[in-house]
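Working notes, structure below.
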Amino acid sequence: MSETDAGPDHASEAEAEASAPQPEPPVAAGQQQPPELSALAKGREEKAPEVSLEEEEPDDDRPLGERLADENRERRLRDENLDGLYATRTVHGSAHRIMDSTLFETHHGDINIGLRDSGPIVRTYPVGDEDARRIRDTFVDGDARKRLVEQLHSERVVVLAGHADSGREYTAQAALLWWAYGSPQEESRRTALLMVSGDPAYVKADSLRRRTGYVLDATRAAWARQNPQEVLRHLDHLADVLSGCFVVLTGPDGLFGQPSVRHDPPEPVEVFERWLKYELTRLDHGGLFETAYQMDGLADFAAEKRPPGESARLARESAAVLCGGGRLDDVMAGQPGELKKAARERLGSDHPLHLRCFLISAAVLNELPVITVSRAASLLVELVGDEPSAQEQPDAPTWQWLPDWLDHAWADCDEADDTSGIRRVRLRRPHLAAAVLEVVWQEGQSIRDPVLAWLRELSRHPGRDVRIKVAHAIGRLATYDFDVIDTEFLRPWSGGSSRQSEQWLAAWAFEAVAHAEKASGRVLDRLRGWSEGTAKQRTVVARAYGSRIGVDWIEEALAAFQRISLRSSPKQRYIQDAVARSLTEVYGRETAPAILGELSRWIEKEHPGLRRTAALTLTRLASEVGGQRSRLQLDELDDELWQETERQLVELWLNALSCGLTPRNLQNIVGGPPVHEAWTALAAWVGDWEKAPERRRSVIEKVFAAGRGDLRGPLQLHLHHWFRRKTISAELSRHLYHLMKGGVAR
């Protein structure tokens, strides 16, 4: 049995507890603890049973379709949980950009992607007329914009330095709009966002548009640390050739040896007012602007210190409520500041300990069965013990405890949507979870150590849904104190004695840490270093990049995947599986060109580990799960790049099919066992010929036309087998065989 975590854990929490009795109420300090939780908490006379790697992480060669379905369910759980822990999110690498102060929605048709044989992948997101009007109407002007415009009159490349959440990208776009439309003769100028997967020093002029001002984010780019002057000289050359310009975004320290414009965030109330007026006018309710500011508390609420993007979001939400005839109290009550106040009040020492512990448990384990939440709360009560500030010992809870405790946690307990009948705890305001964790960590010094011990015990829970939520909670705490969480959890989980389940915990925790802009740099630095570390560290990195981290920083992820695969020995094929799974997870319309191009380059390197990893990835991407389309979604790939993409897909199929054959001499296998599922995936593609879109048919035809040498015999054999089993028609069989003999596609 291999070490890959391809299968499910033990019976899921739902299955284990479907027939459970009425859940026990969490106990007050000094009461008797249920034996299994007592063993976990004390860890002395009794210990929780150790679970072997094989029992804990089964990988018994289940069909790939089952594994993919299982992974899809896990991904949905992770996404939903992270959305609850983070009220807002900055998207770094997709077409939906939060441009510091606004959600910049770029239509797929406006995205231009340039791909070169060995150069970087270039993505440009043009700023359309509607987006330009939005910037002009909502931008709060300041010294940084004025200085940028002045410098752009005489310089082609300007550096703008500031914090990532300061509104610097919005300011850069506003300055470029002044540059583009500052005088009548400049009407042909345009602006765009530029993203480069690779070194910008190798970007060619024909990948970009003429007379365009680009914003390029270099905050965490590798080139900004290695060769900034070389890149800036090349950008200056491109700007000269194309009659354009570049605004390069960096952190507060700028780029070494290069002058920069300093960016400071605008006042929150000004951002809020501009956006509120814009949104109300856009919704044909402009007259409500003055009325809105007569409402109690709105002016003070708008003036609270927060990043520009947060102020803009609050204004949009407020406008929507006002236009719908609603009350602003509901909007304000759901904001981070108000949720923190509510969490602080409910975690106060004037409430019984078991109520506070239930609230913390519900925050970490939101959406899980009530018996899971209550048992975890009971464990936390025991770990906290008698508090010095407690003035009285609470009465023992009765069997009617649940309604009051749910009310204290602002939660409900409803039956699941399925037929299991399990009752799950659901926070009425999901973002209360993040507020509770922040208050516990930042203001609950006396409870920090018990909470850390509690999370450590819960991380050993047999249910994967519990472990995911616990890992995400730990990752959220790392955004407040990375060093402590690193010492307590991340390094031990990735160390020499760690098990596969702990490596998953580390990956999930990194996923949650990177969700916060202020902590994402630490995560990227750690993953970059560990990609060349021990086998266990490399496994953590491979898994961690199979998340939103890999989507947002695809350049970093692809470089790490190659380093990991090159260092993996044949006995470490589980690392190849981990990389292939992660590449599948982060594959999408925007990342497809980068991923397919990288896999093609891996094939060319003729490295067995890289070739097998590419085969595993293509097989996963091409497979269909539960009647759903394959992730490749060929019809949605860029038309301009289709010819190159088709060539890459054919090469990837041929490589995967070759890796799916069993060599005559088994000793020659140096990359791992054969990838037999590649042939299964091809059979599904060929068998669906009548319903297949034209692009898929074209790829299949070119695979058979190019399938000579060692593949010719197996392809002929499979054609005969598929025909005999009536998977394909005689006509299709003859057509594909004709292509193999050198015929021309019809």
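It should be emphasised that the depicted structure is a prediction, and the values quoted were computed from it without experimental measurement.
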Taking every heavy atom of Ser243 against every heavy atom of Arg210, the minimum-distance pair comes out as OG-NH2, 3.6 Å

| query | Do Arg429 side-chain atoms and Leu339 backbone N/O form a donor-acceptor pair below 3.5 Å? | reply | no

d(Leu235 CG, Tyr214 OH) to nearest 0.5 Å is 11.5 Å

| said: Under a 4.0 Å threshold between the charged nitrogen and the carboxylate oxygen, would Arg274 count as salt-bridged to Asp141? | reply: no

query = Are side-chain heavy atoms of Leu194 and Val203 found at a separation under 4.5 Å?
reply = no

- Hey, mind stepping through Cys245 and Leu176 against side-chain contact (heavy atoms from CB on, under 4.5 Å) and telling me if it holds? CA-CA 9 Å; Cys245 66; Leu176 287 177; 3.5 Å; yes

Pair Arg282 + Glu279: basic N to acidic O under 4.0 Å = yes

Charged N-O contact under 4.0 Å between Lys341 and Glu338: yes

Start with the C-alpha gap between Val586 and Tyr545, add the side-chain angles, then the distance that decides, and say whether side-chain contact (heavy atoms from CB on, under 4.5 Å) holds.
CA-CA 8 Å; Val586 302; Tyr545 272 122; 5.9 Å; no

_N-O pairing of Asp79 and Arg548 below 4.0 Å_ = yes

Item to check | Within 6.0 angstrom of Asp481 CG, more than 12 heavy atoms from elsewhere | outcome: yes

* Step by step, work out the side-chain hydrogen bond (donor to acceptor under 3.5 Å, both in side chains) result for Thr124 and Arg190. => CA-CA 12 Å; Thr124 61; Arg190 293 291 183 267; over 6 Å; no

Minimal heavy-atom distance between Ala315 and Trp275, with the atoms involved, is CB-CB, 3.5 Å

| query | Any sub-3.5 Å donor-acceptor pair from Arg189's side-chain atoms to Trp179's backbone N or O? | reply | yes

Distance col, row Arg522:CZ vs Phe482:CZ, nearest 0.5 angstrom, shows 5.0 Å

Closest heavy-atom pair, Val241 versus Ala205, reported as atoms and distance to 0.1 Å, is CG1-CB, 4.4 Å

Carboxylate-amine/guanidinium contact Arg526 Asp486, below 4.0 Å: yes

Just do the salt bridge (Lys or Arg N to Asp or Glu O under 4.0 Å) check on Glu310 and Arg313 with the steps written out, would you?
CA-CA 5 Å; Glu310 182 71 6; Arg313 182 183 65 84; 2.4 Å; yes

Residues passing the salt bridge (Lys or Arg N to Asp or Glu O under 4.0 Å) test with Glu267, sequence neighbours excluded, are none

Would you indicate whether the side-chain heavy atoms of Glu438 and Lys340 approach each other to under 4.5 Å? yes

Can you check whether Trp508's main-chain N or O pairs, donor with acceptor, with Arg543's side chain at less than 3.5 Å?
no

Mind checking whether Val122 and Tyr202 have side chains closer than 4.5 Å, heavy atoms only?
-> no

For Pro126 and Ala192 the tightest heavy-atom approach is CA-CB, 3.7 Å

I want to check something: taking the side chain as every heavy atom from C-beta on, are Glu169 and Val215 in contact at a cut-off of under 4.5 Å? yes

- Between Arg233 and Asp236, does at least one N-O distance fall below 4.0 Å, as a salt bridge requires? no

(request) Using modelled atom types only, decide if a donor and an acceptor are shared between the side chain of His263 and the backbone of Ala161 within a distance under 3.5 Å. (result) no

For the pair Gln229 (side chain) and Phe256 (backbone), establish whether a donor and an acceptor sit closer than 3.5 Å, ignoring hydrogens and angles. yes

*With the side chain counted from C-beta on, respond yes when Tyr170 and Thr138 share a heavy-atom pair under 4.5 Å apart, and no when they do not.*
yes

Can you check whether Arg306 reaches Leu314 side chain to side chain, under 4.5 Å on heavy atoms? yes

Would you say that Pro228 contacts Gln258 through its side chain, given a criterion of any heavy-atom pair below 4.5 Å between the two side chains?
no

dist Tyr125:OH -> Met195:CE (nearest 0.5 Å) comes out at 5.5 Å

query: Are Arg601 and Glu604 close enough for a salt bridge, meaning some N to O gap below 4.0 Å?
result: no

Practice prompt. Please assess Arg563 against Arg528 for the test side-chain contact (heavy atoms from CB on, under 4.5 Å), listing each intermediate value before the final yes or no.
Written response: CA-CA 10 Å; Arg563 290 193 296 269; Arg528 190 180 302 113; 3.9 Å; yes

Subject >> Verdict with supporting geometry, Gln173 and Phe139, side-chain contact (heavy atoms from CB on, under 4.5 Å) >> reply: CA-CA 10 Å; Gln173 287 289 1; Phe139 178 68; over 6 Å; no

Closest non-hydrogen contact found for Phe561 with Ser582 is CZ-CB, 3.6 Å

Original post:
Between the side chain of Thr617 and the main-chain N/O of Leu583, is any donor-acceptor distance below 3.5 Å?
Top reply: no

query: Is Lys146 salt-bridged to Glu150, going by a charged N under 4.0 Å from an acidic O?
result: no

Here the pair of heavy atoms bringing Leu160 nearest to Ala144 is CD1-CB, 4.4 Å

Asp639 with Arg695: basic N within carboxylate O range, under 4.0 Å = yes

So CG of Leu634 and CG of Leu649: to nearest 0.5 Å the spacing works out to 6.0 Å

Interatomic distance, CG@Leu477 vs CD@Gln442, rounded to 0.5 Å, equals 9.0 Å

Answer whether the closest heavy-atom distance between the side chains of Leu558 and Gln562 falls below 4.5 Å. no

Rounded to the nearest 0.5 angstrom, the CG-CG distance for Leu599 and Leu621 is 7.5 Å

